[in-house]
Amino acid sequence: MTEIFRSGGYIGLRFDEGEAKATALTLIPVDTISNPYVAFNLFSPDPEALRNALIADGREVTEIHQQPSMRWFDFVDISGVRVNVCSFGEAN
């Protein structure tokens, strides 16, 4: 695996095979986890477009948050599960 992102204790890793920008794993500092806990994380090269589509579909969606090399937002899926969507600097 190759590290592709590190900021604020978060680390993004990618398998060395496959697509150049496919994220395999995001490590999150345990002390930052609070309720409601996001148990699943998706990668999007265009989080703004995805967020707009989710809003149009009537999903509960947070604002897009920004760190120097990462943008992210959460939404609640049709089953009530909170899901996180992120985009790393190399994909922007």
Quick check for you: to the nearest 0.5 Å, what is the distance between [X] atom [atom1] and [Y] atom [atom2]?
X	Y	atom1	atom2	answer
His65	Cys86	NE2	SG	12.5 Å
Ser7	Met70	OG	CE	6.5 Å
Ile4	Leu13	CD1	CG	7.5 Å
Glu60	Asp74	CD	CG	9.5 Å

Run the side chain to side chain contact (heavy atoms under 4.5 Å, CB included) test against Glu63 and tell me which residues pass, sequence neighbours left out.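 Partners of Glu63 by the side chain to side chain contact (heavy atoms under 4.5 Å, CB included) criterion, ordered by chain and then number, come out as Arg51.
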
Side chain to side chain contact (heavy atoms under 4.5 Å, CB included) involving Arg59 - partner list, sequence neighbours excluded: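 Leu54, Asp57, Val61, Ile78.
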
Results of side-chain hydrogen bond (donor to acceptor under 3.5 Å, both in side chains) for Thr62 - residues two or more places apart only: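 Result, side-chain hydrogen bond (donor to acceptor under 3.5 Å, both in side chains) vs Thr62: none returned.
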
Does the Ser44 side chain pair with the main chain of Val85, one donor and one acceptor, at a distance under 3.5 Å?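 Judged by distance alone, no pair lies under 3.5 Å.
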
Under a 4.5 Å cut-off applied to non-hydrogen side-chain atoms, are [X] and [Y] in contact?
X	Y	value
Gln66	Trp72	no
Arg71	Glu48	yes
Phe73	Leu50	yes
Asp46	Ser87	no

Please identify each residue that fulfils ring-ring contact (aromatic ring centres under 6.0 Å, His included) with Phe5, with sequence neighbours left out.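 Listed in chain order: Phe88.
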
Determine, stepwise, if the pair Val83 / Leu42 fulfils side-chain contact (heavy atoms from CB on, under 4.5 Å). CA-CA 8 Å; Val83 180; Leu42 300 171; 3.9 Å; yes

